[in-house]
Amino acid sequence: QVQLVESGGGLVQAGGSLRLSCAASGRSFSVYAMAWFRQAPGKDREFVAAVNWRGGNTYEADSVKGRFSISRDNAENTVYLRMNSLKPEDTAVYYCAADALKRTHYGDGIFDTYGYDSWGQGTQVTVSS
């Protein structure tokens, strides 16, 4: 099991920026991918961005492409989500997720919640108009 702790959420005005961090501990040496998902009230949890831990390939949802970027620090076992040009519709609880079972290796697992076996507690991001 990998333990994940997120930080960096908060309240920001539209057009502003935030950076979320997620520190992994435990079986972090066996992580295959890490990702950010978000969930707005009354909506399903949706994919935001992911990074392949070993190869460094990154993936972003169309809704955030060009505004958000994901990066990793292998030495610190930390993944970041840089969010620029924030919009009110980005308001949600943002969750960090890790794949220690290699589920993201198959099919579209990297884009779906089933690809990840460890989840953080979530951090609130609120964008005011």
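Computed from a prediction, not measured in an experiment: that's the story for all the values here.
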Query - Any donor-acceptor pair under 3.5 Å from Q39 side chain to A92 backbone - result: no
Between R67 and D90 the two heavy atoms that sit nearest each other are NH1-OD2, 2.8 Å
V79 and C96 have their tightest heavy-atom pair at CG1-SG, 4.0 Å
The side-chain contact (heavy atoms from CB on, under 4.5 Å) partners of S128 (sequence neighbours excluded) come to L11, Q13
The reported gap from CG in L101 to OH in Y32 (rounded to nearest 0.5 angstrom) is 8.5 Å
The complete set of side chain to side chain donor-acceptor pair (under 3.5 Å) pairs with one or both residues in residues 91-100, sequence neighbours excluded, reads R38-Y94, D99-T104
Taken in chain and number order and not counting sequence neighbours, the residues that satisfy salt bridge (Lys or Arg N to Asp or Glu O under 4.0 Å) with R19 are none
Heavy-atom side-chain proximity of V48 to L81 below 4.5 angstrom: yes
- Any side-chain heavy-atom pair of C22 and M34 under 4.5 Å: yes
**Item:** Side chains of E60 and W36 in contact at under 4.5 Å (non-hydrogen atoms)
**Value:** no
Separation between CH2 (W119) and CD (E6), nearest 0.5 Å, reads 10.0 Å
Query - Expected output: side-chain Y116 to main-chain I110 donor-acceptor under 3.5 Å - result: yes
**Item:** Derivation of the side chain to side chain donor-acceptor pair (under 3.5 Å) call for N52 and R54
**Value:** CA-CA 6 Å; N52 176 279; R54 301 183 183 185; over 6 Å; no
Note to self: Strictly distance-based, threshold 3.5 Å: is any side-chain N or O of D112 a donor or acceptor partner for the main-chain N or O of G109?
What the structure shows: no
For residues 68-79, the salt bridge (charged side-chain N to carboxylate O under 4.0 Å, His left out) pairs (sequence neighbours left out) are none
In terms of heavy-atom contacts, V2 and A98 come closest through CG1-CB, 4.4 Å
Hits for ring pair (Phe, Tyr, Trp, His ring centres under 6.0 Å) against F47, two or more places apart or cross-chain, chain-then-number order -> F37, F111
To the nearest 0.5 Å, atom CG of L4 lies from atom CG of N77 at 10.5 Å
Open item on the list: Using side-chain heavy atoms (C-beta onward) and a distance below 4.5 Å, is M83 in contact with S17?
Closed with: no
Note: G9 and L20 closest approach over all heavy atoms is N-CD2, 3.5 Å
Quick one, F68 and L86 - any side-chain contact, counting heavy atoms below 4.5 Å? yes
Residues passing the salt bridge (Lys or Arg N to Asp or Glu O under 4.0 Å) test with K65, sequence neighbours excluded, are D62
